[in-house]
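Only one structure is covered here, and it is reproduced in the block below.
The sequence lines fix the lettering, A, B, ..., with proteins before strands; numbering per chain opens at 1.
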Protein chains: 2
Amino acid sequence: MSHSSNAPIPPSSPKPRSRRTPATPPPEPAPAPVPTSADVARLAGVSRATVSYVLNNAEAVRISEPTRRKVREAAEELGYVPHAAARSLRAGHTRIVLLPTSHVPVGPLYSAFLNELQWALRRLDYTVVQYGSLGLTGDEAARAWAELRPVAVISLGEVSLSAHNVATLKRAGARAVITLGPVGVPGAHALVMDQAEVGARAAAHLVERGRNRIGVIVPEEDGLELFSAPRLAGARSVPGARTQVLPMAYTEESAAELAGRWRSLGLDAVFAYNDEYAMLLMRALQDEGLDVPGDVAVMGADDLLIGRLLRPRLSTVQIELPTGDHLASLVDRAVREPSEITGRHDLMSATAVRREST
Amino acid sequence: MSHSSNAPIPPSSPKPRSRRTPATPPPEPAPAPVPTSADVARLAGVSRATVSYVLNNAEAVRISEPTRRKVREAAEELGYVPHAAARSLRAGHTRIVLLPTSHVPVGPLYSAFLNELQWALRRLDYTVVQYGSLGLTGDEAARAWAELRPVAVISLGEVSLSAHNVATLKRAGARAVITLGPVGVPGAHALVMDQAEVGARAAAHLVERGRNRIGVIVPEEDGLELFSAPRLAGARSVPGARTQVLPMAYTEESAAELAGRWRSLGLDAVFAYNDEYAMLLMRALQDEGLDVPGDVAVMGADDLLIGRLLRPRLSTVQIELPTGDHLASLVDRAVREPSEITGRHDLMSATAVRREST
DNA sequence: ACGATTCATTGACACGTGTAACCCGTGACG
DNA sequence: CGTCACGGGTTACACGTGTCAATGAATCGT
């Protein structure tokens, strides 16, 4: 309705009233108003525009050297630091890459990978923001993320995004939405890291070595289904493997309990969620008097260094993750040319490594 | 110094010209202008102010229920998501907690702690931003951090902040600057987690058990000095302990090499940087034919579960970290009442745990 | 019937920044 | 001497939001 302001405008009184009048003047212990570029300008005796030009050393506009110095000195004296929010508001875009954190005690392998990714992104001048999504639905998470107007989102798949959610993010300015999970999301740049491969390699290796009654250790800890479910599925998919699901917690008690009833299970091999669970169980089985790999073959995953310290040395599935730099530069390209990178990219490879426990 | 605009102001022509005219009109594939609250207002047929009131469900201002519905529906239809930067620009403050990431492969114990801290902060409605500081000086890091106008900064001590840096951050609006490092910084709320304690407990334990020629394993990996240096210093500070520094990398080769020349070192005990290094070295020593703890006592740190899997079981220093929730609520209090929490708080406790390797 | 009070809504400003467009001397050149 | 170019700056606007003060309309009290 009344969308055109046809009311006569009063002269708009160009009162240069002092800023800093937050309506509570009296008992303020002067909360040290953070200096703005206007303060710098005032102190240097130039206009705010000049300050901006100097501090962003714009080549296009020519400012005399004396003025530059004055401005720099004023900025230094006031300890001026630009306001990132204001800057990106004006610019219309950010360099934020959103990296939803998993609340899971994700393994050392992935920790390292994520760390590396962060550093690589920093090096490309992105600002990495971790943002939890604990207990959020896809819709809620997408909205919360979109508020930050990130230029890219790298989701590890802890919250399942619908195509609609991806659209929300893109509408909010995200030039790349990347899923690292096992399954691609329509509209997103899916960089698939299919954990099923891991389980498949492990089971295939065991079958190859003549074991086919395979127990699969699934962590009881919350939040690990994201990794454990596909690994289990992968193991199940191997022809000739007869798998049985065995929940276990990451504690000595849980491992001992499982080992205690092992003989009644009728299994000749076990594939654990990862090396840590494998080591824990292997120790418990040995303490129970079982021979590894004679009575039972044990297979881990992730190829951690400590896996080689136990005797017998732990066989495992070695996972080749993309380097953080690789993924970061991929993100960078996607941001620059949104339409270029697309579709499914398979980035992970898994190889069984036989040591002594199989 | 013409700081007062005395030029007569033209009527300022209230032209309601269409926004979105970025000077490149012709070949635009319509980059989907992200919807603003103005768009919502237009669609709902109300003013922008009303939209703001409704969407922030302000209790103070009463808006009729029909209008609320109209606005909500319009927002839904457009997929409107508020712009966090604009919001906090207007608000004058953020809820960002800056958590400089270490580029170090920090141990599982600290990973878990940091994860927990993040989640706890999220639960208190803070936005956690990881921000690397690789190769930055204290000055540079402080400036970079200040740009985000965080309400709190939790530094792990990877970059050493001067009092001046802390002042910069506070001037930029940080209500709490918290250092987790071994040493307090003037002006900051120092929550000291002194790693020296760890080394001291370990060495004291070894001395107690009659060993005083102690090798101290220091990782060759970059970035761990932050933890390893104070642990070493702590060990050295124990009366009666004669320590010797032994650099070692986290690889089997490095451990084997060190074990190979062990007998020539004339040591009867070793305190490793953490359990992982301890396990690695212990295995190498055993492979070299040395008896643990007969020939050499081995002590780790962090009390990882896997440390109990080797034989002999690894003695270690158990570290009691504050819970993430605890630290988070402490941050929260500091933000609400900046002057309340202050000074040094010692948050860490360390206890030697004897198992079988000492 | 008319001022007083409540209700629902809106106009206008401020937050801090970047940048396009403009302005004003001054020396060069025709 | 006019004008042209150009160096050195400044003015003005836009980005998207929250919120105070003001405005009409409707209801109430007497």
| query | Closest approach of Thr94(A) and Arg149(A), non-hydrogen atoms and distance? | reply |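 Taking Thr94(A) first and Arg149(A) second, the nearest heavy atoms are OG1-O, 2.8 Å.
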| Ser162(A) side chain to Asn165(A) side chain, donor-acceptor N/O pair below 3.5 angstrom |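 Judged by distance alone, the side chains do pair up.
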| said: Take a 6.0 Å sphere around CD of Glu76(B) and say whether it holds more than 12 heavy atoms from other residues, nucleotides or ligands. | reply: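 Open: at most 12 neighbouring heavy atoms sit under 6.0 Å from CD of Glu76(B).
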Please determine, for the side chain of [X], which listed nucleotide ([options]) has the closest atom?
| X | options | result |
| --- | --- | --- |
| Arg90(B) | dA14(D), dG18(D), dG16(D) | dG18(D) |
| Tyr53(A) | dT19(C), dT17(D), dT9(C) | dT19(C) |
| Arg62(B) | dC7(C), dT17(C), dT11(D) | dC7(C) |
| Ser64(B) | dT9(C), dA21(C), dC13(D) | dT9(C) |
| Ser37(A) | dT17(C), dT10(C), dT17(D) | dT17(C) |
| Thr36(B) | dT19(D), dG16(D), dG16(C) | dG16(D) |

| field | Distance in angstrom units between Asn56(B) CG and dC20(D) P, rounded | value |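 In whole Å, dC20(D) P lies 13 Å from Asn56(B) CG.
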| task | Give the rounded distance in Å between these two atoms: CG of Leu89(A) and P of dG16(C). | result |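 It works out to 12 Å between those atoms.
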| Between Arg336(A) and Asp332(A), is the closest basic N to carboxylate O distance under 4.0 Å? |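 Between Arg336(A) and Asp332(A) there is a salt bridge, with a charged N closer than 4.0 Å to a carboxylate O.
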| request: For Ser88(A), answer base if it contacts any base atom (sugar-phosphate contacts may also be present), sugar-phosphate if it contacts only those atoms, and nothing otherwise; contact means non-hydrogen atoms under 4.0 Å. | output: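 If one applies the 4.0 Å heavy-atom cut-off, Ser88(A) turns out to touch nothing in the nucleic acid.
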| request: Return the 5'-most residue of the pair Ala86(A), Thr67(B) with respect to DNA chain C, ranking by each residue's nearest nucleotide. | output: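 Counting from the 5' end, the first nearest nucleotide belongs to Thr67(B).
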| said: Between dG9(D) and Arg48(A), counting only base atoms on the nucleotide and side-chain atoms on the residue, is there a donor-acceptor pair under 3.5 Å? | reply: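 No.
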